[in-house]
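A quick write-up on the structure given underneath.
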Amino acid sequence: MKILIVDDFSTMRRIIKNLLRDLGFTNTQEADDGTTALPMLQTGNFDFLVSDWNMPGMTGIDLLRAVRADAKLAGLPVLMVTAESKREQIIEAAQAGVNGYVVKPFTAGTLEEKISKIFERVEG
Amino acid sequence: MQEQTETDQIRLELARALVAHLEAGKNEDADRVIGELAEIKENELFTEVGRLTRELHEAINGFLLDSRVSEMTQVDIPDAKERLNYVISMTEQSADRTLTAVEESLPMVEALDKQAGELLAEWDKFRSRLLSKDDFRGLSDELAAFLQQTQRHSNSLHENLSNVLMAQDFQDLTGQIIRKVIDLVHDVEEKLVKLVRITGGKLEVSNKISDPAVLEGPVVPGIEQGDVVTSQDDVDDLLSSLGF
């Protein structure tokens with residue numbers, strides 16, 4: 001299971017990376033915005049994407065749309081982990097094809113729950 | 001007052017003349033008198049506009065000459081930006097120190113847990129008299145090594161926890177810096193209110209319509225940020241209502 005973590009704050013990337021490692025996902029890579037993440041996704045054979053929304057360069061929602069528009073990546077499960085909590089934004093993300101949405105600040109339990117839910121659905 | 005009664009006197013005379021002209025059917029003369037009356041009114045208006053213009057001019061000049069305003073724009077606000085950037089870097093450093101300590105500690109705890117589990121299994125065998133003399137010698141060496149490692153790891157864990165403790169010093173420092181910036185924002189607010197008053201604008205705020213394209217960031221208690229969810233449960237409810 002290869003996971004890409006996209007967030008402009010390195011500390012948040014480290015926190016997510018550590019939480020994922022605790023959950024048994026040790027194969028993770030990091031990118032600091034959508035512009036860096038997209039080429040990594042296109043060539044890196046990732047199985048899962050965890051992305052922030054608000055980032056300089058390319059935002060998480062644009063990255064999600066780019067992923068869904070790319071024939072090779074369209075089926076990639078995407079979890080949005082973000083401080084953006086307006087209802088219309090959550091709906092926007094849902095319509096863009098997000099698989100899960102976690103609002104910051106979040107707990108390890110929430111992250112675990114959302115990730116396992118996504119895999120249940122993807123595998124089932 | 002003298003001037004006022006003089007004007008009144010002139011107007012009264014003109015009015016009488018107007019009535020007289022109208023009664024006599026002298027329309028041209030009547031028009032001329034009406035013109036004169038209007039002129040008096042216009043002169044008063046011009047004087048009033050002139051006075052207001054002068055007052056506005058003086059008020060704006062006074063505002064611009066207020067040394068606090070220029071100090072704020074030239075010194076305090078650039079300072080505040082520096083201060084807030086420093087807050088970002090301090091909180092980042094603190095988070096990094098804490099994360100490093102945690103990343104170093106977790107594998108040590110995991111190793112201790114794993115070894116303790118293995119030794120416990122051996123120890124249980126020994127208590128059930130299932131260990132040979134040689135096996136026991138091996139267990140004894142492993143126990144000694146484990147106790148030494150426990151001590152080393154405990155020292156490292158102590159050090160890491162102290163680092164986590166010390167990394168919290170940002171709270172005090174950033175708190176002081178942010179409080180200063182809040183004071184400045186308050187000052188700027190007062191000056192802006194004054195400026196709005198001078199220019200005669202009404203202090204009515206049109207209802208702020210939130211632009212859906214603007215990212216609001218974290219929810220802050222007490223700040224109107226539009227239709228936001230307040231917890232992960234709300235997010236889950238919203239998503240499940242959309243068929244997730």
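Quick note on labels: first sequence line is chain A, next is B, and so on, each numbered from 1.
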CD of Glu82(B): more than 12 outside heavy atoms within 6.0 angstrom?
no
Which residue out of Trp53(A), Phe106(A), Phe9(A) racks up the most heavy-atom pairs below 4.5 Å with chain B?
Trp53(A)
Can you confirm whether Arg51(B) is buried at CZ, in the sense that more than 12 heavy atoms of other residues, nucleotides or ligands lie under 6.0 Å from that atom?
yes
Heavy-atom pairs under 4.5 Å with chain A are the metric here; pick the option from Leu106(B), Asp236(B), Thr91(B), Thr98(B) that has the most.
Asp236(B)
Is Asn85(B) atom CG crowded by more than 12 heavy atoms from other residues, nucleotides or ligands, each under 6.0 Å away?
yes
Can you establish whether the number of heavy atoms outside Lys180(B) located under 6.0 Å from its atom NZ is more than 12?
no
Does Met1(A) have more than 12 heavy atoms from other residues, nucleotides or ligands lying within 6.0 Å of its CE?
yes
Would you call Thr11(A) and Glu92(B) a side-chain contact if the rule is heavy atoms closer than 4.5 Å?
yes
Is any side-chain heavy atom of Thr100(B) closer than 4.5 Å to one of Arg14(A)?
yes
Can you establish whether the number of heavy atoms outside Gln151(B) located under 6.0 Å from its atom CD is more than 12?
no
Determine, step by step, whether Arg87(A) and Leu238(B) satisfy the side chain to side chain contact (heavy atoms under 4.5 Å, CB included) criterion, reporting the C-alpha distance in whole Å, the side-chain angles of both residues, the deciding distance to 0.1 Å, and the verdict.
CA-CA 8 Å; Arg87(A) 281 175 194 280; Leu238(B) 179 58; 4.0 Å; yes
Quick check: do Ile91(A) and Leu242(B) have side-chain heavy atoms less than 4.5 Å from each other?
yes
Contact class of Ser10(A) relative to chain B, heavy atoms under 4.5 angstrom:
side chain
Flag side-chain contact, heavy atom, 4.5 Å: Val228(B) against Glu84(A)
no
Test item: Glu103(B) and Asn18(A) side chains (from C-beta on) under 4.5 Å apart, heavy atoms
yes
With the side chain counted from C-beta on, respond yes when Lys114(A) and Gln232(B) share a heavy-atom pair under 4.5 Å apart, and no when they do not.
yes
Other residues, nucleotides and ligands only: do more than 12 of their heavy atoms fall within 6.0 Å of CD on Glu159(B)?
no
Report the option among Leu239(B), Val229(B), Asp234(B), Val235(B) that has the most heavy-atom pairs separated by less than 4.5 Å from atoms of chain A.
Val229(B)
What part of Asp22(A) gets closer than 4.5 Å to chain B, counting heavy atoms only: side chain, backbone, both or neither?
side chain
Who wins among Gly243(B), Pro218(B), Ser231(B), Gly217(B) for the most heavy-atom pairs under 4.5 Å with chain A?
Gly217(B)
Identify which part of Thr230(B) has an atom lying under 4.5 Å from any heavy atom of chain A, answering side chain, backbone, both or neither.
neither
